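Read the numbers this way: they start at 1 and go in the same order the structure lists the ligands and their atoms. Since this is a predicted model, take the numbers as computed values, not measurements.
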Amino acid sequence: MATLAINGGSPTRSKPYPEWPVFDQRDLDAVTDVIKSGRWGGHPYPGPQTDEFTQRFAAMQGGGHAVAMANGTITMEVALRSANIGWGDEVIVPAYTFQATAAAPMAAGALPVIADIDPQTYCIDPKSIEAKITPKTKAIIVVHLGAEMSDMDAVMEIAEKHHLIVVEDCAHAHGAKWHGRGAGTIGHFGSFSFQSSKILTTGEGGMLLCRTEELAERAISIIDCGRPHDEAGQQYTMGANYRMTELQAALGNVALERFPAQAKEREAMASYMDEALSDIPGVRVLKRDPRHTTRSFYRYILAVTPEEYGADHFTVCAAMHAEGIPCDPGNEPMHKYPLFQPGLSKLPVPSAFPEYFEFDKMHLPAAERATASEAIWLNENVFRAGPAGVDDVTNALRKIQANAAEMKKIAE
Ligand SMILES: Cc1ncc(COP(=O)(O)O)c(C=O)c1O
């Protein structure tokens, strides 16, 4: 008789996990007030809701001059353009991320140079950054992936040594802290997404934290159709309309009220999960770096050993779904991503890396292993279902592993 739900056995969990996003009367009131005010859009920048949201968001992260935008991709493009990075420049990005991180430098006109990840955290490997630096390198975009943070001590040391701009892609890292400092306030820029799956959402939206007021003025000008936003009101820029609307900012202001309690709940349940996973054969919990003082949980990423599960992460995720657990195997590696290859090879940008023009030669072993066989991204909503919700995840992983022989047959 079948044991695994994927083969017709009974699932570990039969009730759904909590929905996301959540809302209450405060969201309805906030949006209604904006509608009644007649000021729906983002012009002139900033409207009262946007002004409040930028200030409160920067205060929550603990610093930076915040600029609210349409999404968390344009934020990275604008960061690079504000720092005068563009044609002919190279920007180092990690292989393991969402395509936006590598697309942003291309939109700014720069070449994304793809670095490998640290297998312990799945975030960019500082050694790989150093290996990719050329005289054309102008910036590094690091991604704080899932629930992890990049090694910001090492990244900032490299950046200072080589005079590079650092953009932190914090699309997954609202509220996270490194040595007590907020994600996005350590590099020159911190880029946040408020897209609807994110743990702080306005439906769509983004925020750029800039290290200086001058950089923020340039960023505002770029997203406000090039209008001058410097003190003298003179600096026109090449720009377009990438402003956040007042309706989005109003939702953001309510989301900020809820966020601390949600973050606390996710963190408590994730620590409970860390413990519970520690004795499941074939499961590797990613590194818990003591410098990462506050963790945020957009996705909880763990690694499975295919040999112990009888199958790779694609089949394990399918089995987890059948068991009632929301998860996925994560993103493709950027150097194999169809958008960039062979597209990148067609860019007329001379590079020190011939493999950019011969796709098959690019080899990033840690990213390839994570994306081909081992990473499992658990949805944040498992942490909003209390200890029983977490137990269901660990029980499902245990059950699937105990039936590795059945899994092997499915994978064949
Ligand atoms: C790591 C990362 N960076 C950037 C983004 C882009 O955010 P947005 O969809 O708001 O443009 C995402 C979105 O999923 C992401 O996961």
Review point. Is a side-chain donor or acceptor of E323 paired with a backbone partner of T12 at a separation under 3.5 angstrom?
Key: yes
Review point. Who pairs with E157 by side chain to side chain donor-acceptor pair (under 3.5 Å), at least two apart in sequence or on another chain?
Key: none
Review point. Do other residues, nucleotides or ligands put more than 12 heavy atoms under 6.0 Å from the NZ atom of K138?
Key: yes
Exercise for review: Check the side chains of N241 and Y45 for a donor-acceptor pair under 3.5 angstrom, ignoring hydrogens and angles.
Suggested key: no
Check your understanding: In chain order, what residues pass the side chain to side chain donor-acceptor pair (under 3.5 Å) check against E257, with sequence neighbours excluded?
Key -> R26
Point to revise | Which residues share a ring-ring contact (aromatic ring centres under 6.0 Å, His included) with Y309, sequence neighbours left out | key: none
Are any protein N/O atoms closer than 3.5 Å to the N/O atoms of ligand 1? If there are, list each pair with names and the distance to one decimal place.
| from | atom 1 | to | atom 2 | distance (Å) |
| --- | --- | --- | --- | --- |
| ligand 1 | 3 (N) | D169 | OD1 | 3.2 |
| ligand 1 | 3 (N) | D169 | OD2 | 2.7 |
| ligand 1 | 7 (O) | S193 | OG | 3.3 |
| ligand 1 | 10 (O) | G72 | N | 2.8 |
| ligand 1 | 10 (O) | S193 | OG | 2.7 |
| ligand 1 | 11 (O) | G72 | N | 3.3 |
| ligand 1 | 11 (O) | T73 | N | 3.1 |
| ligand 1 | 11 (O) | T73 | OG1 | 2.5 |
| ligand 1 | 14 (O) | K198 | NZ | 2.6 |
| ligand 1 | 16 (O) | H172 | NE2 | 2.7 |

